[in-house]
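Note that the numbering runs from 1 along the sequence shown for the chain.
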Amino acid sequence: MIFVKKMATALIVLGLSAASLSGCHRTPDEVQVRQAIGVMTAAAEAGSATDLVAPLSADFDGNGGELDPRSLGNMMRLLSLRGEHVGVVMGPVTIEHRGERMLARFTVTLSRGGSLLPDQLGMYEVESAWREEDGRWRCYIASWKHAI
């Protein structure tokens with residue numbers, strides 16, 4: 001049960017690759033982070049481990065050492081193999097610039113289950129830190145706690 005909670009929570013905390021840039025137009029950094037968080041939400045619901053971990057830095061630290069990119073991907077694969085579904089409802093995302101980095105805060109409500117009624121529900125407060133690496137914004141640290 002704790003394993004599943006960690007998995008479902010971590011799925012939302014992380015983001016995916018920012019939208020591609022076209023022509024001379026450069027997507028603002030804050031928009032790229034917001035898009036990455038949104039795409040990550042879709043990856044969690046679709047059960048895509050590869051897309052879920054794509055935006056993480058190699059040294060990503062989830063909740064003080066509980067999760068790294070590899071363990072997060074493996075948990076998503078396990079849920080998919082078991083036929084589990086992760087439901088995600090995002091709250092508003094606030095972004096704060098901190099020099100060359102950004103801090104994104106939001107709440108997320110997660111559910112999971114393989115039947116009509118989910119057997120896990122939870123609302124979490126999430127804080128994630130982002131830095132630019134090779135022209136892409138990557139999440140390098142995230143923490144979360146039960147909101148209720």
* Supply the atom-to-atom distance Asn74 CG to Leu81 CG, rounded to the nearest 0.5 angstrom. => 10.5 Å
* Lys/Arg N to Asp/Glu carboxylate O, Glu132 vs Arg101, below 4.0 Å -> no
* Asked: Is the cationic atom of Arg70 (NZ for Lys, CZ for Arg) positioned less than 6.0 Å from the six-membered ring centroid of Phe60 and within 45 degrees of its normal?
  -> no
* Evaluate the side-chain proximity of Trp137 to Met102: yes if any heavy-atom separation is below 4.5 Å, no if none is. => yes
* Asked: When you measure from the side chain of Gln32 to the backbone N and O of Thr27, does any donor-acceptor pair fall under 3.5 Å?
  -> yes
* CG of Asp29 to NE2 of His97: how many Å apart, nearest 0.5 Å? -> 7.5 Å
* Rounded distance (nearest 0.5 Å) linking atom CZ of Arg105 with atom OG1 of Thr94 -> 6.0 Å
* Kindly indicate whether the side chain of Val89, heavy atoms from C-beta on, has any atom under 4.5 Å from the side chain of Leu110. => no
* Pick from Leu103, Val33, Ile95: which one makes a side-chain contact (heavy atoms from CB on, under 4.5 Å) with Trp130? -> Val33
* Would you check if the side chain of Arg77 reaches a backbone N or O of Gly73 as a donor-acceptor pair within less than 3.5 Å? => yes
* To do: Look at the side chain of Glu45 and the backbone N and O of Val88, then say whether any donor-acceptor pair between them is shorter than 3.5 Å.
  => yes
* Asked: Under 3.5 Å, side chain of Thr41 to main-chain N/O of Ile37, donor-acceptor pair present?
  -> yes
* **Atom pair CD1/CG of Ile141 and Asp61 - distance to nearest 0.5 Å** => 4.5 Å
* Sub-3.5 Å donor-acceptor pair from the side chain of Arg34 to the main-chain atoms of Val93, do we have one? -> yes
* Asked: Are any non-hydrogen side-chain atoms of Ser128 and Phe106 less than 4.5 angstrom apart?
  -> yes
* To do: Check for a donor-acceptor pair, side chain of Ser80 on one end and backbone N or O of Gly47 on the other, with a separation under 3.5 Å.
  => yes
* Hey, are the side chains of Leu79 and Met75 touching, using non-hydrogen atoms and a 4.5 Å cut-off? -> no
* Nearest-0.5 Å distance, OG1 of residue Thr109 to CE of residue Met90 -> 9.5 Å
* Got a donor-acceptor contact below 3.5 angstrom from the Asn63 side chain to the Trp144 backbone? -> yes
* Hey, could you give me the CE/OG distance between Met76 and Ser48, rounded to the nearest 0.5 Å? => 8.5 Å
* Less than 4.0 Å between a side-chain N and a carboxylate O, is that true for Arg138 and Asp59? -> no
* To do: Of all the heavy-atom pairs spanning Glu133 and Ser57, show the shortest one and how long it is.
  => OE2-CB, 3.3 Å
